[in-house]
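This report concerns only the one structure given below.
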Protein chains: 2
Amino acid sequence: MEETLDDTDIQLLKHLGADSKVTMKELAAKVNLSPSPVFERVKRLEANGYIKKYIALLDAEKLNFGLIVFCNIKLKQHDKSIGRSFVTDILRLDEVVECYNISGDYDFLLKVYARDMKHYQDFVFNKLGSVKSIGSTHSTFVMSENKNSYNINL
Amino acid sequence: MEETLDDTDIQLLKHLGADSKVTMKELAAKVNLSPSPVFERVKRLEANGYIKKYIALLDAEKLNFGLIVFCNIKLKQHDKSIGRSFVTDILRLDEVVECYNISGDYDFLLKVYARDMKHYQDFVFNKLGSVKSIGSTHSTFVMSENKNSYNINL
DNA sequence: CTTGAAAAATGGAGGGT
DNA sequence: ACCCTCCATTTTTCAAG
């Protein structure tokens, strides 16, 4: 299971990580092979979990979610059950796209997409406000997104 | 160009945002249509920019990038040319997957993927260290990722 | 939107190095 | 173990109604 990836595998992952709509034929040309071995390699990379899934990236701004906020959260207490119930509550919130348990002054970092400031205010007061385990929050607003490649650069 | 999306369009975006490997046939079944109109709608959503691109999501941990760090950065000065040169320098760094211009005490927030702490240390000292426009940095380490849906929840 | 058909891609069999 | 060349099947893509 813990086989090593050769250079061709890495190239395939790089290409698919940037554009998954390429055909096997095109991919094959990029790595100087015929479609068949490329097909088999990609299937293996999927089966072994190197490729988690394929998705379409949507334009948040065009879909009226123009505001990105990083919301730092401090819990009231730090026992395991409080942490778990916090995560359960947070996963339910549509506005929260990412959630991390972090080091430092705060316990969690959320990446939140909102339509506008009014929507974000409503999110903080009504949705976060009803999550009992939260002690305090600190919001950092995104003024512009300069880079988002979604994948590691192999 | 600024047409409104009907409920079917939203459903298509939701499905493709979660899994872009579905065939037009399967998509059609999900929205109770035949493949042809679904095909046309998806092409329109692509052409009008609602779908930005299609990518494979790679497993960073399996590819030996197990450490995620949010790196806050304060610039030395705040004029436009310094900010631009900072962004140019940052975009070159493979470890930086996301970069945001933010409100608050710091100017930029980077999401960084590193193999381990040693790699991150090297990144900060050698790569960030040679970006002249940086005044100071503050690193927040991710202990666990609890959610990452990559797309807004429509 | 539907039907339907041409063009293209997928997925695999069989054989070669 | 890895690759190639076919080829059947499925999917995509786009007419015409």
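Quick note on labels: first sequence line is chain A, next is B, and so on, each numbered from 1. Values below: all heavy atoms of this structure, side chains included; hydrogens, waters and symmetry mates excluded.
Side-chain N or O atoms of B:Asp107 include one that pairs as donor or acceptor with a backbone N or O of B:Leu75 at under 3.5 Å. Here the side chain of B:Asp94 pairs no donor or acceptor atom with the backbone of A:Asn153 at under 3.5 angstrom. Between the A:Asp9 side chain and the A:Asp6 main chain, a donor and an acceptor come within less than 3.5 Å of each other. Distance alone, capped at 3.5 Å, is enough to place a donor-acceptor pair between the A:Lys76 side chain and the A:Lys132 backbone.
Contacts of A:Thr23 with the nucleic acid, taken as non-hydrogen atoms under 4.0 Å apart, involve only primed sugar atoms and P, OP1 or OP2.
Between the P atom of D:dT11 and the NZ atom of B:Lys21 lies a distance of 13 Å, rounded to the nearest Å. Taking atom CG of A:Asn32 as the reference point, atom P of D:dC4 lies 10 Å away to the nearest angstrom. Note: CG (A:Leu12) to P (D:dC2) measures 13 Å, nearest angstrom. Atom pair A:Glu26:CD and C:dA8:P shows a separation of 12 Å (rounding to whole Å applied). Spacing between atom CD of B:Glu46 and atom C1' of D:dT13 amounts to 12 Å, rounded to whole angstrom units. To the nearest angstrom, P of C:dA8 lies 17 Å from CE of B:Met24.
Picking from D:dT13, C:dT3, D:dC3 the nucleotide with the shortest atom distance to the side chain of B:Ser34 gives C:dT3. Each of D:dC3, C:dC1, C:dG12 was ranked by its minimum atom distance to the side chain of B:Arg41; first place goes to C:dC1. Comparing atom distances between the A:Ser36 side chain and each of D:dT12, C:dT10, C:dA13 picks out C:dA13 as nearest.
Considering only side-chain N and O atoms, A:Lys43 lies under 4.0 angstrom from the phosphate OP1 or OP2 of C:dG11.
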